[in-house]
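Structure record follows, encoded as structure tokens.
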Amino acid sequence: MAKKLAPQQTLNTTMVEKDMKDVVSTEKVMKVIRTICVYLFLGFMALIILFPFYWMINSSLKTLEEYKWQVPSFVPKTIVWGNYKEAFKAGNLAVLFVNTLYVGIVSTVLSLVITVLSAFAFARLEFKGKNALFAALLATMMIPGELFTITNYITVSKLGWTTGDTGTYAVLIIPFLVSVFYIYLLRQNFLQIPNELYLAAKVDGTSDIKYLWKVMIPLSLPTLISITILKMMGAWNSYIWPKLVAKDTAHTLISSGLRNAFTDANNDTNYPVQMAAVALVSLPLFLVFVFLRKYIMKGVSRSGIKG
Amino acid sequence: MVDNKQQWKAWLYLAPAIVLLLLFTVWPIINTVRMAFLEGYGNLSSLNADKTFEFGIENFEKVVKYKKFTTCLKNTCLLCVLTVPISTLLALVIAVCLNSIKPFSRLLQTIYFLPYVTNSIAIGMVFASMFNIIGGADISKAVSIGIVNNVIEFFGGERIAWISTGSSYSANIAVMVIYIVWNALPFKILILLGGLQSVNKQYYDAAKIDGTSKWRVFWRITVPLLSPMIAYVLITGFIGGFKEYTATVGVFGEKMGPADDPGRLNTMVGFIYKQLEGDHQGLASAASLILFGIILVITLINLKISSKKVQY
């Protein structure tokens with residue numbers, strides 16, 4: 001009996017082994033096919049993501065006549081760098097750039113000061129009603145900004161801020177200086193710094209401001225950089241408020257100045273010049289992204305707000 | 001003593017934030033509610049001392065019956081219902097794919113994040129130029145039909161008036177959906193990929209030993225484990241969707257529609273600003289409270305569902 005069984009058993013095992021090999025090899029083939037499909041899909045999506053950027057640059061370097069070709073060219077036949085010069089002039093971009101940069105920098109600096117002081121008070125100091133106040137602040141984050149804008153527009157008109165140089169800049173900057181979200185973000189960061197450091201500094205007679213400057217700020221620099229970038233991007237991308245309060249090109253910001261700048265009285269648009277302006281507006285954002293990618297992605301993944 | 005000093009200091013440090021918040025956040029909340037319930041309130045007409053406004057809900061009734069408002073509400077809801085599921089699903093698939101590969105993964109992540117760091121007006125103008133038809137209302141004789149139509153014709157399809165004069169509503173919405181999804185992907189991919197990378201690998205190993213199919217693994221393991229992140233991108237997606245405005249301005253300009261039908265694609269936020277410019281602060285306030293109500297309800301529904309379904 002045992003002798004009879006033995007060959008059968010070996011036969012069985014070899015068959016199992018063979019099956020296993022088959023299974024393993026088909027699995028390998030399937031895996032390769034799957035990987036290829038994944039790469040094809042990801043590559044295709046990447047092309048779709050990139051295409052508008054490519055088309056923007058491609059269009060911005062064409063002559064108007066070439067732009068209107070029946071079958072568009074994928075590389076401009078005659079490269080017209082002059083479109084960028086023209087865009088700068090026609091769109092009044094220099095003024096818009098300077099305005100946006102000015103508003104962005106001033107509001108970022110002031111906003112950082114306010115945020116650091118408030119976050120410090122919430123994270124380190126004890127006072128009556130601290131938790132209630134903090135909860136009330138967080139609750140305001142739920143309300144859509146449009147609701148504030150209606151009254152703020154009336155308020156700034158009543159304060160007479162919508163006319164004159166300083167007034168218009170003030171109106172672009174001041175209503176948005178306090179961001180509850182940034183206070184929240186920085187407070188969380190401050191809370192991670194051990195309280196013993198603060199008490200030790202107190203014993204040594206270090207002032208609060210010096211302690212903030214020497215300990216808290218260096219330790220929470222990544223968060224502060226994220227806030228700075230998001231705030232600057234916010235100024236660069238803000239559209240509604242500047243359009244409401246700063247109606248003349250001399251004081252408006254880049255986004256609201258851009259949309260209608262390149263259509264003349266006959267409703268004729270010089271598309272390549274328009275695309276050149278769009279590229280110029282996009283460029284600083286790209287540079288910031290290339291150099292500060294880490295901070296942007298970190299800030300964004302925690303905030304979920306655009307700009 | 002120390003306690004008192006700390007109290008005093010804390011309020012000093014908080015002073016700038018509190019003053020600004022009182023003026024630009026707390027007062028607006030009160031005033032917006034007040035204006036919404038003063039019938040026919042307008043800021044300029046309120047300067048006239050003889051003019052008084054009656055207390056009532058007329059603003060709300062007017063807004064709801066206003067055809068322009070219902071158009072805006074319809075557009076906003078339609079864009080939300082279309083873009084949020086599409087972009088979330090697409091982002092989920094991309095994130096899972098990105099998580100399964102090694103080479104080029106970082107490069108692809110960077111590429112997918114690019115639309116986030118753009119100006120939505122500027123890139124909206126690029127999308128407009130990709131879809132726009134130049135030269136003539138008769139599209140069969142148009143000078144230039146836009147790259148998208150070129151591609152469609154290359155594959156044997158027929159050219160479509162996407163955004164120009166004579167374009168259909170569904171074509172307009174299609175363009176907006178494409179642009180908004182393109183714009184919304186980076187944030188969602190970032191969040192979902194971050195979630196995937198923190199998932200415990202043991203679950204997958206166990207599934208492998210059991211010989212579970214990939215499809216089953218995706219629905220039974222990946223999706224449940226990711227549910228907090230999925231809930232998060234859905235909530236932020238819907239909130240952002242209901243506040244949609246600049247994307248439409250980017251593609252269609254401030255007319256908020258094709259040249260022959262301005263306002264066709266206007267959104268809730270667009271409606272509020274239109275009323276504001278026309279000195280109808282009462283209507284604008286009523287509309288903004290309705291917007292707030294919608295956002296609140298969606299958030300609550302989402303929280304309710306996710307507290308049941310979300311597995312941590």
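Computation of the quantities below employed the complete heavy-atom set of this structure, encompassing side-chain atoms and omitting hydrogens, waters and symmetry-equivalent molecules. Every chain is numbered from 1 and lettered A, B, ... according to where its sequence line falls, protein lines coming before strand lines.
- You'll find the side chain of B:Met35 reaches within 4.5 Å of the side chain of A:Thr151, heavy atoms only.
- Note: B:Ser129 OG to A:Met275 CE = 4.0 Å, rounded to the nearest 0.5 Å.
- Heavy-atom minimum distance, B:Ala10 versus A:Leu125: CA-CD1, 3.6 Å.
- In this structure the side chain of A:Leu133 reaches within 4.5 angstrom of the side chain of B:Ile18, judged on heavy atoms.
- For the 3.5 Å distance criterion, the side chains of A:Asp208 and B:Tyr13 qualify, holding a donor opposite an acceptor.
- Heavy atoms closer than 4.5 Å to chain B are found nowhere in A:Val116, neither backbone nor side chain.
- Chain B forms the most heavy-atom pairs under 4.5 Å with one residue out of A:Ile174, A:Ile154, A:Val281, and that residue is A:Ile154.
- A:Tyr39 approaches B:Lys102 most closely through the heavy-atom pair OH-N, 4.1 Å.
- Among the candidates B:Ile147, B:Leu190, B:Leu20, B:Thr246, the residue making the largest number of heavy-atom pairs closer than 4.5 Å to chain A is B:Ile147.
- Atom OG of B:Ser288 and atom CD1 of A:Ile150 lie 3.5 Å apart (nearest 0.5 Å).
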Next item on the list: Determine, step by step, whether A:Phe41 and B:Cys97 satisfy the side-chain contact (heavy atoms from CB on, under 4.5 Å) criterion, reporting the C-alpha distance in whole Å, the side-chain angles of both residues, the deciding distance to 0.1 Å, and the verdict.
Entry: CA-CA 9 Å; A:Phe41 170 70; B:Cys97 287; 3.9 Å; yes
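- One distance of note links CD of A:Glu66 with OG of B:Ser144; it measures 11.5 Å at 0.5 Å rounding.
- For a residue to count as touching a neighbouring chain, one of its non-hydrogen atoms must lie under 4.5 Å from one of that chain's; by this rule A:Lys243 touches chain B with the side chain only.
- Chain B forms the most heavy-atom pairs under 4.5 Å with one residue out of A:Lys130, A:Arg124, A:Arg34, and that residue is A:Arg34.
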Check: Which is it for B:Val269 and A:Ile240 under the side-chain contact (heavy atoms from CB on, under 4.5 Å) test, yes or no, and what are the steps along the way?
Finding: CA-CA 10 Å; B:Val269 173; A:Ile240 292 165; 4.1 Å; yes
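- Along residues 136-143 of chain A, the residues that come nearer than 4.5 angstrom to chain B, judged on non-hydrogen atoms, are A:Leu137, A:Thr140, A:Met142, A:Ile143 in order of number.
- For a residue to count as touching a neighbouring chain, one of its non-hydrogen atoms must lie under 4.5 Å from one of that chain's; by this rule A:Ser255 touches chain B with backbone and side chain alike.
- The parts of A:Met45 that come within reach of chain B are both its backbone and its side chain, each placing non-hydrogen atoms under 4.5 angstrom from that chain.
- With a 4.5 Å cut-off on non-hydrogen atoms, A:Tyr67 touches chain B through its backbone and its side chain both.
- Judged purely by atom type and a 3.5 angstrom limit, B:Trp182 uses its side chain to pair as donor or acceptor with the backbone of A:Ile49.
- Against chain B, the residues from residues 283-293 of chain A that qualify, each with a non-hydrogen atom under 4.5 angstrom away, are A:Leu285, A:Phe286, A:Phe289, A:Arg293 in number order.
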Margin query: Under the criterion side-chain contact (heavy atoms from CB on, under 4.5 Å), I'd like the reasoning laid out for B:Leu14 against A:Phe122: C-alpha separation, chi angles, the key distance, then a yes or no.
Written below: CA-CA 9 Å; B:Leu14 284 171; A:Phe122 278 122; 3.6 Å; yes
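- With a 4.5 angstrom heavy-atom cutoff, A:Trp236 touches chain B via backbone and side-chain atoms both.
- Chain A forms the most heavy-atom pairs under 4.5 Å with one residue out of B:Ile121, B:Leu12, B:Val26, B:Leu296, and that residue is B:Ile121.
- For A:Tyr184, the OH atom counts as loosely surrounded, since its 6.0 Å shell holds 12 or fewer non-hydrogen atoms of other residues, nucleotides or ligands.
- Between chain A and the residues B:Lys214, B:Glu277, B:Met268, the largest count of heavy-atom pairs under 4.5 Å involves B:Lys214.
- Side-chain contact check for A:Phe53 versus B:Val126: every heavy-atom pair is 4.5 Å or farther apart.
- For the residue pair A:Ala46 and B:Leu108, the shortest heavy atom distance occurs at CB-CD2, 3.9 Å.
- Neither the backbone nor the side chain of A:Leu110 comes within contact range of chain B, judged by heavy atoms closer than 4.5 Å.
- Per-residue heavy-atom pair counts under 4.5 Å with chain B were compared for A:Ile254, A:Thr149, A:Val180, and the maximum is reached by A:Thr149.
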Notebook entry, point to check: Going through the checks in order, is the side-chain contact (heavy atoms from CB on, under 4.5 Å) test met by A:Asn152 and B:Trp27?
Noted result: CA-CA 9 Å; A:Asn152 286 347; B:Trp27 165 240; 5.9 Å; no
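- Using a 4.5 Å heavy-atom cutoff, the side chains of A:Ser282 and B:Ile123 are in contact.
- Of the two parts of A:Phe148, the backbone and the side chain both hold a non-hydrogen atom closer than 4.5 Å to a non-hydrogen atom of chain B.
- Note: A:Pro175 leads A:Gly145, A:Gly43, A:Pro175 in heavy-atom pairs under 4.5 Å with chain B.
- The aromatic rings of B:Tyr245 and A:Tyr239 sit tilted, their planes meeting at an angle between 30° and 60°.
- Between the side chain of B:Thr32 and the main chain of A:Leu147, a donor-acceptor pair closer than 3.5 Å is present.
- B:Lys9 has its side chain out of reach of A:Phe127: every pair of non-hydrogen atoms, C-beta onward, lies at least 4.5 Å apart.
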